[in-house]
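Since the model is a prediction, treat every value here as computed from it, not as a measurement. What's counted below: heavy atoms across the whole structure, side chains too, no hydrogens, waters or symmetry copies.
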Number of protein chains: 2
Amino acid sequence: MNISEAAKLSGLPAKTIRYYESIDLISPPRRAANGYRCYEADDIASLCFLRQARQFGFNIDQCRLLLDLYKNPQRRSAEVHQLVSDKLEEVDAHIRELADTRELLAKLVGACANDDDADCAIIDRLASPQEQSQEREGSQQ
Amino acid sequence: MNISEAAKLSGLPAKTIRYYESIDLISPPRRAANGYRCYEADDIASLCFLRQARQFGFNIDQCRLLLDLYKNPQRRSAEVHQLVSDKLEEVDAHIRELADTRELLAKLVGACANDDDADCAIIDRLASPQEQSQEREGSQQ
DNA sequence: CTAAGCCTTACAGCAACAGGAAGGTCAAGG
DNA sequence: CCTTGACCTTCCTGTTGCTGTAAGGCTTAG
């Protein structure tokens with residue numbers, strides 16, 4: 001099956017499939033006599049798996065690990081569980097961070113007169129020489 | 001004042017200050033005879049403003065607009081309000097998206113046996129040929 | 001013969017910087 | 001005077017996960 005067919009079935013753009021091959025996320029498929037890539041059912045399964053994993057927010061390296069586990073019948077579910085738990089925490093941290101930002105933004109929006117005047121609490125706040133808040137907990141990226 | 005001093009006072013890395021100059025976010029400062037950049041108090045104020053805006057999650061283009069408003073005494077606070085309201089919505093949308101992902105991940109974690117067995121609900125779920133969910137609402141980036 | 005619709009490779013670009021190389025400058029110490 | 005170290009300069013590369021574009025080959029229909 002050609003790449004466009006694989007793209008249709010997997011839900012990934014052909015470009016992305018080639019990209020995944022270029023970074024060794026998937027193994028290069030067989031080539032037809034004319035040089036075209038030929039995909040098998042197994043390949044499609046991997047691509048679908050990757051699409052789903054990406055939708056769940058896993059990055060490429062995490063997908064690499066997941067895919068290894070997926071393909072490995074000797075896996076222990078605990079390993080998978082660990083990976084996904086880590087991801088969950090990661091997402092939680094991200095949400096907390098965004099929620100903080102959200103609250104700050106809401107305060108700004110509430111404080112601004114929202115009229116034709118030049119006076120603006122938002123500008124004042126952003127211009128105020130706020131301390132360079134050293135983040136209070138470990139610096140995770 | 002040299003760039004390292006400006007960096008210290010503004011809380012931005014010198015690299016970032018040069019970068020902001022290179023993308024015309026800030027105007028190039030005066031140069032000393034030896035070619036070193038010389039920053040004035042006004043420049044520092046702008047840099048602090050930018051640092052704060054970035055911390056609030058505004059991207060560079062949004063910072064550009066904010067900075068214009070900041071420097072323009074003829075601004076109307078309503079314009080600022082609009083910008084920040086938009087950003088708030090943007091952040092809200094992002095949070096909702098992440099919250100969805102979070103719930104899905106939590107379900108996965110809950111469903112996995114988390115033991116030495118190869119059988120794994122997470123793997124099964126990711127491998128299942130889930131429909132390629134066409135996003136139900138406008139595709140904003 | 002030509003046009004379309006596939007396919008191939010390779011390179012550029014996005015955001016927002018960070019890291020490092022290669023070299024000039026400046027102040028202090030011996 | 002020379003060296004050392006801490007600045008400064010520019011330029012290039014790498015990051016993440018692709019997407020867009022160019023330039024060309026294959027295949028099939030009209």
Side-chain angles (χ1 to χ4, degrees), chain A residues 1-26 28-39 43 46-47 49-67 87 90-91 94 97-98 101 139-141, chain B residues 1-26 28-39 43 47 49-67 87 90-91 94 97 101 132 135 139-141:
Chain A
M1 152 190 357
N2 281 349
I3 197 167
S4 66
E5 184 72 6
K8 207 177 305 173
L9 291 182
S10 69
L12 290 172
K15 271 255 163 200
T16 298
I17 299 176
R18 287 196 203 92
Y19 171 68
Y20 285 173
E21 183 185 332
S22 81
I23 61 171
D24 292 317
L25 179 55
I26 58 177
R30 187 174 68 77
R31 296 290 183 124
N34 56 13
Y36 290 12
R37 290 172 178 81
C38 291
Y39 293 94
D43 301 325
S46 291
L47 289 172
F49 184 90
L50 286 172
R51 178 178 55 78
Q52 295 237 81
R54 291 287 297 131
Q55 275 179 1
F56 271 92
F58 294 98
N59 67 25
I60 297 290
D61 274 344
Q62 293 163 338
C63 285
R64 228 179 269 277
L65 299 173
L66 281 172
L67 195 57
K87 187 70 198 177
E90 206 178 290
V91 170
H94 196 172
E97 202 176 313
L98 275 180
T101 298
S139 59
Q140 69 288 54
Q141 53 139 316
Chain B
M1 150 187 3
N2 282 348
I3 198 168
S4 67
E5 184 74 6
K8 205 176 304 173
L9 290 181
S10 68
L12 290 172
K15 273 254 164 194
T16 298
I17 299 176
R18 287 196 202 93
Y19 171 68
Y20 285 174
E21 183 185 333
S22 81
I23 61 171
D24 293 316
L25 180 55
I26 57 178
R30 188 173 66 78
R31 296 289 182 125
N34 56 15
Y36 290 13
R37 289 171 178 81
C38 292
Y39 293 94
D43 301 325
L47 289 172
F49 184 89
L50 286 171
R51 177 177 56 78
Q52 296 238 80
R54 289 288 296 130
Q55 276 179 1
F56 271 92
F58 293 99
N59 67 26
I60 297 289
D61 273 345
Q62 293 163 338
C63 284
R64 230 179 268 276
L65 298 174
L66 281 172
L67 195 58
K87 186 70 198 177
E90 204 177 293
V91 169
H94 196 172
E97 201 176 314
T101 298
Q132 287 133 240
E135 48 269 38
S139 58
Q140 70 286 53
Q141 54 134 316

Asker: Here's a test of your reading of the structure: between A:N34 and A:P13, which maps to the more 5' nucleotide of DNA chain D?
Answerer: A:P13
Asker: To the nearest Å, how far apart are A:K8 NZ and C:dC6 C1'?
Answerer: 11 Å
Asker: Taking any heavy-atom pair under 4.0 Å as a contact, classify A:R18: base, sugar-phosphate, or nothing.
Answerer: base
Asker: Quick check: do A:T101 and B:Q55 have side-chain heavy atoms less than 4.5 Å from each other?
Answerer: no
Asker: How is A:I23 classified with respect to the nucleic acid when contacts are heavy atoms under 4.0 Å: base, sugar-phosphate, or nothing?
Answerer: nothing
Asker: Select one nucleotide: of D:dT9, C:dC17, D:dG17, the one nearest the side-chain heavy atoms of B:R31.
Answerer: D:dT9
Asker: When you measure from the side chain of B:N34 to the backbone of B:Y36, do you find a donor-acceptor pair of N or O atoms at a distance under 3.5 Å?
Answerer: yes
Asker: Would you name the heavy atoms of B:I26 and B:I17 that are closest together and state the gap between them?
Answerer: CD1-O, 3.7 Å
Asker: Expressed as a whole number of angstroms, how long is the span from B:E5:CD to D:dA6:C1'?
Answerer: 14 Å
Asker: Please report the shortest heavy-atom distance between A:M1 and A:L9, naming the atom on each side.
Answerer: SD-CD1, 3.8 Å
Asker: What's the CG-C1' distance between A:L12 and D:dT19, to the nearest Å?
Answerer: 14 Å
Asker: Using whole Å, what does the distance between atom P of nucleotide C:dA15 and atom CG of B:D61 come to?
Answerer: 7 Å
Asker: Is any side-chain nitrogen or oxygen of B:S4 closer than 4.0 Å to OP1 or OP2 of D:dA6?
Answerer: no
Asker: For B:L50 and C:dC17, what is the distance between atoms CG and C1' respectively, to the nearest whole Å?
Answerer: 14 Å
Asker: Of B:K15 and B:Y36, whose nearest nucleotide on DNA chain D comes first from the 5' end?
Answerer: B:Y36
Asker: Taking atom P of D:dC26 as reference, at what distance in whole Å does atom CD1 of A:I3 sit?
Answerer: 18 Å
Asker: Atom CD of B:E21 and atom C1' of C:dC17: how far apart are they, to the nearest Å?
Answerer: 15 Å
Asker: If the cut-off is 4.0 Å, is B:T16 near the phosphate of C:dA16, judged by side-chain N/O to OP1 or OP2?
Answerer: no
Asker: Let's see if you can work this out: which of C:dC17, D:dT9, D:dG17 has an atom nearest to the side-chain heavy atoms of B:R37?
Answerer: D:dT9
Asker: Could you tell me the separation between the CG atom of A:N59 and the P atom of D:dT15, rounded to a whole number of Å?
Answerer: 14 Å
Asker: Below 3.5 Å, does any donor atom in the side chain of A:Y20 face an acceptor in the base of D:dG17, or the other way round?
Answerer: no
Asker: Does B:P28 offer a backbone N or O that forms a donor-acceptor pair with the side chain of B:R37 under 3.5 Å?
Answerer: no
